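Predicted, not measured: the structure shown is a model, and the values here were computed from it. Each chain gets a letter, A, B and so on, in the order its sequence line appears, and its residues count up from 1.
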Amino acid sequence: MSVDTDAVLDWFADAARDLPWRRPECTPWGVLVSEIMLQQTPVARVEPIWHEWLTRWPKPSALAAAAQGKVLRAWGKLGYPRRALRLHAAAEAIATEHGDVVPSDVDTLLALPGIGAYTARAVAAFGYGKRCPVVDTNVRRVVARAVHGAGDAGPASNTRDMSDVDALLPAADEPAARLSAALMELGALVCTARNPRCVDCPIVADCAWQRAGRPEYSGPAKPVQRFAGTDRQVRGLLLDVLRGTAEPVPKARLDTAWSDAGQRDKCLDSLLVDGLVEQTADGRFALPGEHA
DNA sequence: CAACCGTGGTA
DNA sequence: TTACCAAGGTT
């Protein structure tokens, strides 16, 4: 059997969270900003920042006009700050090349920085009500269980994953877009990675994982993301120093952020390469674009 | 395809 | 406490 999409839609109508980027008055720009912020970052941490951004920069050209440093400060501690720079660059492209209108076409969206297979389709579906397979980690888990009877999704395979989801979508745009949101919500609220709440699941009766006796995940071991002591942590500490000061700082100030000088310098260099940090004419360091 | 890119909450 | 997890994208 397949997935009872009507049951999922009924459940969604009743159980969906009232998230601001799902409201009818939310623009495609608001949807795009939310999708970028939500990449690997939980809803609870995104919501307040999203409100600040949409108030401050209600359309792409407004964000494009802001200095990169201001954008990075407003990004705060959402993590992966390169997302903020890419969103800024995407806003510039939208403002100058697309008449300040977020594209609705998946291929056009894919050409923008920071927008990949998931985000392009999420914007098309949630911003414009289009029918296209929106595959995120939640949807992959739901499909792995309900359709394939596996305990969890294995490594992502873009083509196969999108094909699986496409097969579930109704033919018409509106219900297909709504189902895409519903499948994500099901994975986020019920069919969760740990301790799934199967008693609350609208499709438990047809779930292949249930029928198979809820087997444990048997795929290849998932790589563990370490953080302590990594360059990621050091870069974060360095950037946090610069976020905390209005004026450029001397290198000695950055040297206090991490004891290992070799790793520290390597990370500072990578931040410069990434454009997350800028060096002023007098040799101090700052967030980009705030001190010509 | 695997590694890398931040940060904080939770079990 | 450690380990896992969170609406991914780029190289």
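Taking every heavy atom of residues 14-24 of chain A and every atom of DNA chain C, pairs under 4.0 Å involve A/R17, A/L19, A/W21, A/R22, by number. The stretch residues 26-41 of chain A comes close to DNA chain C through A/E35, A/L38, A/Q39, A/Q40, each having a heavy atom under 4.0 Å from the strand.
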Should A/D260 and A/K266 be marked as a salt bridge (charged side-chain N to carboxylate O under 4.0 Å, His left out) after you check the CA-CA gap, both sets of side-chain angles, and the distance that decides it? CA-CA 10 Å; A/D260 181 333; A/K266 168 172 172 268; over 6 Å; no

Please report the C-alpha distance between A/W21 and A/L38 in whole Å, then the side-chain angles of each, then the deciding distance to 0.1 Å, and finally whether the side-chain contact (heavy atoms from CB on, under 4.5 Å) criterion is met. CA-CA 11 Å; A/W21 44 85; A/L38 287 164; 3.9 Å; yes

Before giving the answer on side-chain contact (heavy atoms from CB on, under 4.5 Å), spell out for A/V165 and A/V134 the whole-Å C-alpha distance, their side-chain angles and the decisive distance to 0.1 Å. CA-CA 8 Å; A/V165 173; A/V134 180; over 6 Å; no

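Residue A/R86 places no side-chain N or O under 4.0 Å from the OP1 or OP2 atom of C/dG9.
If you check every strand for non-hydrogen atoms under 4.0 Å, A/R226 touches sugar and phosphate atoms only. If you check every strand for non-hydrogen atoms under 4.0 Å, A/D231 touches sugar and phosphate atoms only. Across all strands shown, A/P81 has heavy atoms under 4.0 Å from sugar-phosphate atoms exclusively, and none from any base. Within the nucleic acid shown, A/T137 comes within 4.0 Å of sugar-phosphate atoms alone, with no base atom in reach, counting heavy atoms only. Residue A/A44 is out of contact with every strand shown, counting any heavy-atom pair closer than 4.0 Å. When heavy atoms are screened at a 4.0 angstrom cut-off, A/A193 is found touching the sugar-phosphate backbone but no base atom. Nucleic acid contact class of A/G116 (heavy atoms, under 4.0 Å, all strands): sugar-phosphate only.
Spacing between atom CG of A/D161 and atom C1' of C/dG8 amounts to 13 Å, rounded to whole angstrom units. In this structure, OH of A/Y217 is placed 13 Å from P of C/dC4, rounded to the nearest angstrom. A straight line from CZ of A/R82 to C1' of C/dT10 spans 7 Å, rounded to a whole angstrom. Distance A/R232 CZ to C/dT10 C1': 14 Å, rounded to the nearest Å. Rounded to whole Å, atom P of C/dC5 lies 13 Å from atom CZ of A/R140. A/Y80 places its OH atom 13 Å from the P atom of C/dA6, with the value rounded to the nearest Å. The CG-C1' distance, from A/N158 to C/dT10, rounds to 13 Å in whole Å. In this structure, A/Q225 places its CD atom 12 Å from P of C/dC5, rounding to the nearest Å.
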With a 3.5 Å cut-off and sequence neighbours excluded, list the donor-acceptor pairs that the side chains of residues 182-193 of chain A form with protein atoms.
from   : atom 1 : to     : atom 2 : distance (Å)
A/E185 : OE1    : A/R17  : NE     : 3.4
A/E185 : OE1    : A/R17  : NH2    : 2.7
A/E185 : OE1    : A/R22  : NH2    : 2.7
A/E185 : OE2    : A/R17  : N      : 2.8
A/E185 : OE2    : A/R17  : NE     : 2.9
A/E185 : OE2    : A/R22  : NH1    : 3.1
A/T192 : OG1    : A/R194 : O      : 2.9
A/T192 : OG1    : A/N195 : O      : 3.4

Which donor-acceptor pairs under 3.5 Å do side chains of residues 149-162 of chain A form with protein atoms, sequence neighbours excluded?
from   : atom 1 : to     : atom 2 : distance (Å)
A/D152 : OD2    : A/K222 : NZ     : 3.2
A/D161 : OD2    : A/R140 : NH1    : 3.3
A/D161 : OD2    : A/S157 : N      : 3.0

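Judged purely by distance below 3.5 Å, without hydrogens or angles, the side chains of A/Y118 and A/E35 pair a donor atom with an acceptor atom. With hydrogens and angles left out, the side-chain atoms of A/R121 and A/S180 include no donor and acceptor closer than 3.5 Å.
The closest side-chain heavy-atom distance from A/R83 to A/W75 is below 4.5 Å. Inter-residue side-chain proximity for A/L237 and A/R264 is flagged as unmet; no heavy-atom pair is nearer than 4.5 Å.
Comparing atom distances between the A/M184 side chain and each of C/dA7, C/dG9, C/dC4 picks out C/dA7 as nearest.
Two residues, A/P42 and A/L110, neighbour DNA chain C, and the one matched to the more 5' nucleotide by heavy-atom proximity is A/P42. The nearest heavy atom of DNA chain B to A/R243 and to A/N195 marks one nucleotide each, and the one closer to the 5' end goes with A/R243.
C/dT1 sits 16 Å from B/dG8 when the C1' atoms are compared, rounded to a whole Å. If you take atom C1' in C/dA6 and the same atom in B/dG6, they sit 12 Å apart, rounded to whole Å. Of the C1' atoms belonging to C/dG8 and B/dC1, the separation is 16 Å, rounded to the nearest Å.
Heavy-atom contacts of chain A under 4.0 Å fall on DNA chain B between two terminal nucleotides, which in 5' to 3' order are B/dC5 to B/dG9.
Residues A/I36 and A/L72 fall into different hydrophobic clusters, defined by Ile, Leu, Val, Met, Phe, Trp and Tyr side chains chained together at heavy-atom separations under 4.5 Å.
Partners of A/V241 under the side chain to side chain contact (heavy atoms under 4.5 Å, CB included) rule, at least two apart in sequence or in another chain, are A/R253, A/L254, A/A257.
One finds no salt bridge joining A/D206 and A/R211 here, because no Lys/Arg side-chain nitrogen approaches an Asp/Glu carboxylate oxygen to under 4.0 Å.
The backbone N or O of A/G229 sits less than 3.5 Å from a side-chain atom of A/Q263, completing a donor-acceptor pair.
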